[in-house]
Amino acid sequence: MGDRRQARELALQALFFFDMDKSVSDKSLEAFCANNEEKLTQEVKPFFLDLVEGVRENSSQIDAFLNKYSKNWKISRMPVVDRNIMRIAIFEFLKHSDIPPSVTINEAVEIGKKYGTRDSGSFINGVLDRIKSLEGFE
């Protein structure tokens, strides 16, 4: 597994935990990092932290995209895994112009297939593709 994939998967796990716990603090992030110290290598940790902190800091803008482009789905009703995978991907669209949107979507779909439900891949692909196309992330 590549370093960026590892960072995305760990970011998903951290964001899932924060979402379920309903609280995000520096202390909880430090605890997550301590519990995953061997996976958070020097190559993985910077991108992981960028994703987690970026999603946290830009959550209202990211969730606005999700609300706008997820047809007939309220964020609160989305599966927690799918919701957080898409949050990571939208953050990448917004702040990582060095990563092609097609790569971001492919990574999100693959992670959704691994951690989500049978329908996660197609749901994630549909929402992210709409955002990419309609918001001009090319």
Side-chain angles (χ1 to χ4, degrees):
M1 175 183 325
D3 293 337
R4 284 194 168 185
R5 170 68 67 92
Q6 179 80 9
R8 287 178 179 105
E9 289 187 10
L10 288 166
L12 168 63
Q13 293 170 24
L15 292 168
F16 180 94
F17 171 74
F18 300 150
D19 212 357
M20 297 305 292
D21 193 41
K22 303 287 187 229
S23 69
V24 180
S25 67
D26 290 338
K27 190 173 184 176
S28 58
L29 180 57
E30 288 171 17
F32 181 89
C33 290
N35 287 331
N36 291 280
E37 189 173 358
E38 61 192 47
K39 294 178 187 174
L40 287 167
T41 64
Q42 290 180 337
E43 297 79 23
V44 171
K45 192 171 183 176
F47 190 54
F48 161 81
L49 289 172
D50 180 55
L51 294 175
V52 172
E53 292 171 354
V55 169
R56 285 172 45 187
E57 291 168 6
N58 297 280
S59 63
S60 59
Q61 182 183 15
I62 290 168
D63 285 355
F65 279 108
L66 278 177
N67 276 323
K68 184 175 179 181
Y69 292 104
S70 57
K71 296 181 179 178
N72 302 317
W73 280 92
K74 290 183 179 181
I75 290 177
S76 62
R77 289 189 51 237
M78 289 178 188
V80 178
V81 169
D82 296 358
R83 174 174 60 225
N84 283 296
I85 290 171
M86 290 187 288
R87 284 174 171 159
I88 292 166
I90 294 166
F91 172 73
E92 286 187 32
F93 287 166
L94 294 169
K95 303 296 182 180
H96 281 279
S97 59
D98 60 313
I99 303 172
S102 58
V103 170
T104 295
I105 293 172
N106 185 57
E107 286 287 298
V109 168
E110 292 303 314
I111 294 170
K113 288 178 181 177
K114 183 174 180 179
Y115 291 99
T117 66
R118 184 172 47 108
D119 298 324
S120 291
S122 59
F123 176 61
I124 290 167
N125 185 62
V127 174
L128 292 178
D129 191 56
R130 268 193 302 279
I131 293 169
K132 179 188 82 134
S133 299
L134 298 173
E135 291 292 329
F137 296 110
E138 297 295 335

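Considering all non-hydrogen atoms of both residues, S120 and D82 come closest at OG-OD1, 2.7 Å. Of all heavy-atom pairs spanning G112 and I124, the tightest one is CA-CD1, 3.8 Å. Nearest heavy atom pair, residue F32 against residue L10, reads CZ-O, 3.5 Å. When all heavy atoms of K132 and P101 are compared, the pair lying nearest together is CD-CB, 3.5 Å. Between V109 and G121 the shortest heavy-atom distance is CG2-O, 3.7 Å.
Residues L51 and E92 have side chains in contact (heavy-atom distance under 4.5 Å, counting atoms from C-beta outward). With a 4.5 Å cut-off on side-chain heavy atoms, F137 and L94 count as touching. At least one side-chain heavy atom of C33 sits under 4.5 Å from a side-chain heavy atom of F48. Contact annotation: the side chain of R4 never approaches that of E107 to less than 4.5 Å [non-hydrogen atoms, C-beta and beyond]. Using a 4.5 Å heavy-atom threshold, the side chains of I90 and T104 count as separate. Looking only at side-chain heavy atoms (C-beta outward), V127 and R130 come within less than 4.5 Å of each other. Under the 4.5 Å side-chain criterion, counting only non-hydrogen atoms from C-beta, L29 is in contact with L49. Side-chain contact between I75 and R87 is present, with at least one heavy-atom pair separated by less than 4.5 Å.
For the atom pair CG (L128) and OG (S70), the distance works out to 10.5 Å, reported to the nearest 0.5 Å. In this structure, the separation between NZ on K45 and CG on D3 is 14.5 Å, given to the nearest 0.5 Å. Rounding to the nearest 0.5 angstrom, the gap separating the OG atom in S122 from the NZ atom in K113 is 9.0 Å. To the nearest 0.5 Å, the span separating CD1 on I111 from CG on N84 amounts to 12.0 Å. Here Q6 contributes atom CD and N36 contributes atom CG; the two are 9.0 Å apart, rounded to the nearest 0.5 Å. With rounding to the nearest 0.5 angstrom, the CH2 atom of W73 is 9.0 Å from the CE atom of M86.
Residue F93 forms a side-chain contact (heavy atoms from CB on, under 4.5 Å) with just one option from I131, I62, I99, and that option is I131.
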Give the intermediate values and the outcome of side-chain contact (heavy atoms from CB on, under 4.5 Å) for residues D50 and K95. CA-CA 10 Å; D50 180 55; K95 303 296 182 180; 6.0 Å; no
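Not a single donor-acceptor pair under 3.5 Å links the side chain of D129 to the backbone N or O of N125. Of the possible donor and acceptor atoms, none in the side chain of D19 sits under 3.5 Å from a partner among the backbone N and O of L15.
R5 and E110 are not joined by a salt bridge, as no carboxylate oxygen comes within less than 4.0 angstrom of a charged side-chain nitrogen. Between R56 and E53 there is no salt bridge, since none of the side-chain N atoms of the basic residue sits less than 4.0 Å from a carboxylate O of the acidic one.
The salt bridge (Lys or Arg N to Asp or Glu O under 4.0 Å) check on K39 picks up nothing, with sequence neighbours excluded.
D98 CG: more than 12 foreign heavy atoms inside a 6.0 Å radius.
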